[in-house]
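Note that the numbering runs from 1 along the sequence shown for the chain.
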Amino acid sequence: MPAAREVSVLVIGAGAAGILMGIGLRERGIEDFVILEKAGSLGGTWRDNVYPGVACDVPAIYYSYSFAPNTSAPMRYATGRELWSYFDSVATDRGLAGHLRYGAEVTSAAWNGTAWEVETASGERWTAGIVVGAVGRLHRPRFPDIPGMADFAGVVRHASQWDPDLDLRGVRLGVIGTGSSSVQIVSAASQQVAHLDLFQRTAQWVYPRANEPVAEAVRAEMLASPEGARKHYAAMEAESLRLGEIAVSGTAEQVEARNQVIRDALAAVRDPVLRAKLTPDYDIGCKRLVISGTFYDAVQRPNVDVVTDGILRFEREGIRTTDGVLHPLDVVVLATGFHADNYLRPMRVRGAGGVDLEELWADVFLTYKSVAVPHLPNFFLINGPFSPGGSLNIIAVIENHAAFVLQLVDRVLAERVAIAPDAGSSAAFVDRMRDRAKGTVWYTGGCTSWYLDRDGVPLVAPMTLSELRAEMAEPVWADFDVRPLAGSCSAAS
């Protein structure tokens with residue numbers, strides 16, 4: 001067996017969070033690090049998702065690192081490919097190429113008392129003083145349990161495993177699911193296919209924001225200077241925060257004004273039967289709002305049907321629903337989401353004293369400020385449990401998380417210590433987030449969503465950006481157990 005390779009810092013995942021960690025380490029003069037990525041290239045979400053119509057519903061200039069605003073997207077919302085190109089170019093420009101290792105899916109990490117012993121699916125072994133989990137939340141596809149899928153003669157693809165060479169022109173397409181991916185697929189594919197059946201279990205509230213070209217004067221100013229780019233980044237941040245903060249701290253008047261825009265968009269659906277199908281039975285905002293200025297037009301096309309009868313089974317020719325109708329299909333897209341509560345799973349993580357993370361998280365996702373876990377010394381997370389991804393741009397979230405984690409990294413390397421949050425401080429954080437979340441529409445709105453844990457309590461924190469910045473400004477060292485590593489003379493505090 002080959003010897004384990006040693007590294008000071010090992011980052012798991014080369015999506016937006018992993019790239020950001022690599023940039024932060026290099027800015028500190030730390031070059032002894034590696035970023036392990038399970039796939040064949042970087043990019044995370046925007047590498048995996050190449051389905052028709054894929055895009056981000058956060059404005060392009062704001063869905064970017066604050067130090068490198070994305071000024072290249074010609075439209076308000078960037079396509080998936082444009083976003084992948086953005087993250088790839090940032091990683092290249094910031095000199096990360098030599099630190100990236102592809103095809104390296106981490107399967108286990110174990111603390112040996114002084115460092116982490118990490119193994120990959122291919123048998124590669126690493127020893128790292130610090131591990132940072134930057135794996136993201138939406139990358140383990142959720143497949144529906146529908147009988148007969150293997151009997152279907154056509155093509156079945158999860159939205160995140162789309163074949164970009166699959167030609168939809170003239171086919172009979174079925175789409176299962178009604179979240180953001182489904183809405184984007186329906187909007188794009190309805191213009192190509194012969195017929196489209198949208199199999200809807202739960203209707204969605206849709207916020208009707210059009211994707212418009214970025215004004216030429218704005219693009220010119222953004223491209224002319226860093227100051228111009230930062231100006232428009234700040235303006236878009238302010239606009240986006242106003243919408244996001246309504247979900248967690250909006251006044252009744254603000255909430256009603258937003259809701260009326262959403263209700264008016266639905267009311268514009270001409271057919272009352274179709275409109276009734278598309279009307280949710282839960283409060284607006286209970287699920288993450290779907291952003292689309294084209295979905296309602298798409299489902300009113302003559303070649304599109306919204307099917308609300310339950311799916312009974314797949315058959316050779318298509319899908320049969322509980323009303324006995326067989327829907328003939330050539331291609332089926334499973335827009336059925338992800339195991340958003342997997343976090344590090346299926347990786348096995350064993351911390352100090354052999355503590356198994358799976359057992360530690362059996363009842364509740366115990367975490368400290370979403371970035372650290374008791375009994376896991378020098379193992380840090382980006383966008384872990386109870387991060388505020390429900391109301392904030394995830395790039396802003398990971399920037400604040402990474403800045404906090406880098407402060408922990410600084411102390412570990414400078415003083416040769418092992419740092420882990422104590423259990424009491426972690427439990428207090430989790431209790432505070434859960435209690436606050438119970439006052440939001442995510443909990444009271446009468447729906448189920450990927451925001452919720454198995455007890456129906458939101459796993460996302462209802463924070464504003466200013467609150468997140470204050471929370472992550474600097475470590476409160478009294479909340480941590482800090483111990484010298486073996487052979488170190490550093491004083492712990």
Apply salt bridge (Lys or Arg N to Asp or Glu O under 4.0 Å) to residues Asp88 and Arg81 and explain how you reach the verdict. CA-CA 10 Å; Asp88 180 62; Arg81 185 63 188 178; over 6 Å; no
One pair to check against salt bridge (Lys or Arg N to Asp or Glu O under 4.0 Å): Glu227 and Arg230. What are the steps and the verdict? CA-CA 5 Å; Glu227 292 74 22; Arg230 285 194 292 268; 3.4 Å; yes
Criterion salt bridge (Lys or Arg N to Asp or Glu O under 4.0 Å) on Arg434 and Asp453, from CA distance to verdict: CA-CA 10 Å; Arg434 283 167 62 91; Asp453 65 16; 2.8 Å; yes
Would Phe87 and Tyr65 satisfy ring pair (Phe, Tyr, Trp, His ring centres under 6.0 Å), going step by step from the backbone distance to the final call? CA-CA 9 Å; Phe87 288 109; Tyr65 302 127; 5.5 Å; yes
CA sep, side-chain torsions, deciding dist, call: Arg209, Glu239, salt bridge (Lys or Arg N to Asp or Glu O under 4.0 Å): CA-CA 13 Å; Arg209 177 62 64 85; Glu239 179 182 328; 3.3 Å; yes
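With rounding to the nearest 0.5 angstrom, the CZ atom of Arg288 is 11.5 Å from the OG atom of Ser449. Atom CG of residue Leu459 and atom OG of residue Ser387 lie 9.0 Å apart, to the nearest 0.5 angstrom. Summarising the geometry, atom CG belonging to Asn378 is positioned 5.0 Å from atom CZ belonging to Phe380; distances are rounded to the nearest 0.5 Å. If you take CH2 on Trp361 and OH on Tyr343, they are separated by 7.5 Å, rounding to the nearest 0.5 Å. With rounding to the nearest 0.5 Å, the separation of OG1 in Thr45 from CG in Asp48 is 7.0 Å. Rounded to the nearest 0.5 Å, atoms OH (Tyr443) and NZ (Lys438) are 5.0 Å apart.
A donor-acceptor pair under 3.5 Å links the side-chain atoms of Ser370 to the main chain of Pro385, judged by distance alone. Side chain of Gln184 to backbone of Ser181: no donor-acceptor contact under 3.5 angstrom is found. Side-chain N or O atoms of Glu82 include one that pairs as donor or acceptor with a backbone N or O of Thr79 at under 3.5 Å. For the pair Thr178 (side chain) and Thr202 (backbone), a donor-acceptor distance under 3.5 Å is present. Within the 3.5 Å criterion, the main-chain N or O of Glu119 finds a donor-acceptor partner in the side chain of Thr107. In this structure a side-chain-to-backbone donor-acceptor pair under 3.5 Å is missing from Asp481 to Ala420. Trp162 places no side-chain N or O within 3.5 Å of a backbone atom of Val333 that could act as its donor or acceptor partner. Checking side-chain atoms of Ser182 against main-chain N and O of Gly177 turns up a donor-acceptor pair under 3.5 Å. Gln204 places no side-chain N or O within donor-acceptor distance of the main-chain N or O of Val206, the cut-off being under 3.5 Å. At distances below 3.5 Å, at least one donor-acceptor pair connects side-chain atoms of Asn393 with backbone N or O atoms of Ile395.
Using a 4.0 Å cut-off between a side-chain N of Lys or Arg and a carboxylate O of Asp or Glu, Asp363 and Arg454 qualify as a salt bridge. A salt bridge does not link Glu117 to Arg125: none of the charged nitrogens lies less than 4.0 Å from a carboxylate oxygen.
In terms of heavy-atom proximity, Ala115 sits nearest to Thr127 at CB-CG2, 3.8 Å. For Tyr368 against Pro421, the heavy-atom pair with the smallest separation is CB-CB, 3.5 Å. Of all the heavy atoms in Met21 and Ala402, the pair that sits closest is SD-CB, 3.9 Å. Pro374 approaches Leu360 most closely through the heavy-atom pair O-CD2, 3.5 Å. When every heavy atom of Val214 is checked against every heavy atom of Ala73, the shortest pair comes out as CG2-O, 3.8 Å. In terms of heavy-atom proximity, Val441 sits nearest to Gly285 at CG1-O, 3.3 Å.
Cation-pi check for Arg411 over Trp477 is met; the charged atom lies under 6.0 angstrom from the ring centroid and within 45 degrees of its normal. Geometrically, Arg47 does not engage Trp84 in a cation-pi contact, judged by NZ or CZ lying under 6.0 Å from the ring centre and within 45° of the ring axis.
Aromatic pair Trp116/Phe379: centroids less than 6.0 angstrom apart. Aromatic pair Tyr77/Tyr63: centroids not less than 6.0 angstrom apart. In summary, the aromatic rings of His158 and Phe338 are positioned with their centroids under 6.0 Å apart.
The number of heavy atoms from other shown groups lying within 6.0 Å of CD (Glu6) does not exceed 12. Heavy atoms of other residues, nucleotides or ligands lying less than 6.0 angstrom from NZ of Lys38 number more than 12. With a 6.0 Å radius and a threshold of 12 heavy atoms from other residues, nucleotides or ligands, Arg201 has its CZ atom at or below the threshold.
Within the structure, side chain to side chain donor-acceptor pair (under 3.5 Å) contacts touching residues 397-409 (residues at least two apart or in different chains) are Ser66-Glu399. Within the structure, the disulfide bond (SG atoms under 2.5 Å apart) test picks out no pair touching residues 375-405 (sequence neighbours left out). Contacts classified as disulfide bond (SG atoms under 2.5 Å apart) and involving residues 375-447 (residues at least two apart or in different chains) are given here: Cys286-Cys447. Note on residues 372-404: no pairs pass disulfide bond (SG atoms under 2.5 Å apart), not counting sequence neighbours.
Among Asn259, Leu289, Asp283, the single residue meeting the side-chain contact (heavy atoms from CB on, under 4.5 Å) criterion with Trp205 is Leu289.
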With a 3.5 Å cut-off and sequence neighbours excluded, list the donor-acceptor pairs that the side chains of residues 94-104 form with protein atoms.
from: Arg94; atom 1: NH1; to: Glu27; atom 2: OE2; distance (Å): 3.4
from: His99; atom 1: ND1; to: Phe33; atom 2: O; distance (Å): 2.9
from: His99; atom 1: NE2; to: Glu31; atom 2: OE1; distance (Å): 3.0
from: Arg101; atom 1: NH1; to: Gly98; atom 2: O; distance (Å): 3.0

Let me check something: any side-chain donor-acceptor pairs from residues 463-472 under 3.5 Å, sequence neighbours excluded? List them with distances.
from: Thr464; atom 1: OG1; to: Ser466; atom 2: OG; distance (Å): 3.2
from: Thr464; atom 1: OG1; to: Glu467; atom 2: N; distance (Å): 3.2
from: Thr464; atom 1: OG1; to: Glu467; atom 2: OE1; distance (Å): 3.3
from: Glu467; atom 1: OE1; to: Arg436; atom 2: NH1; distance (Å): 3.4
from: Glu467; atom 1: OE1; to: Arg436; atom 2: NH2; distance (Å): 3.1
from: Glu467; atom 1: OE1; to: Thr464; atom 2: N; distance (Å): 2.8
from: Glu467; atom 1: OE2; to: Arg436; atom 2: NH1; distance (Å): 3.4
from: Glu467; atom 1: OE2; to: Arg436; atom 2: NH2; distance (Å): 3.1
from: Arg469; atom 1: NH2; to: Glu237; atom 2: OE2; distance (Å): 3.4
from: Glu471; atom 1: OE1; to: Arg432; atom 2: NH1; distance (Å): 3.3
from: Glu471; atom 1: OE2; to: Arg432; atom 2: NH2; distance (Å): 2.8

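Between Val106 and Ser108, every side-chain heavy-atom pair lies at or beyond the 4.5 Å cut-off. Looking at heavy atoms from C-beta onward, Val183 lies out of side-chain contact with Val186 at the 4.5 angstrom threshold. Inter-residue side-chain proximity for Val90 and Ile23 is flagged as met; some heavy-atom pair is nearer than 4.5 Å. Val373 places a side-chain heavy atom less than 4.5 Å from the side chain of Leu381.
Side-chain atoms of Tyr233 and Ser64 form no donor-acceptor pair, as typed in the model, at a separation below 3.5 Å.
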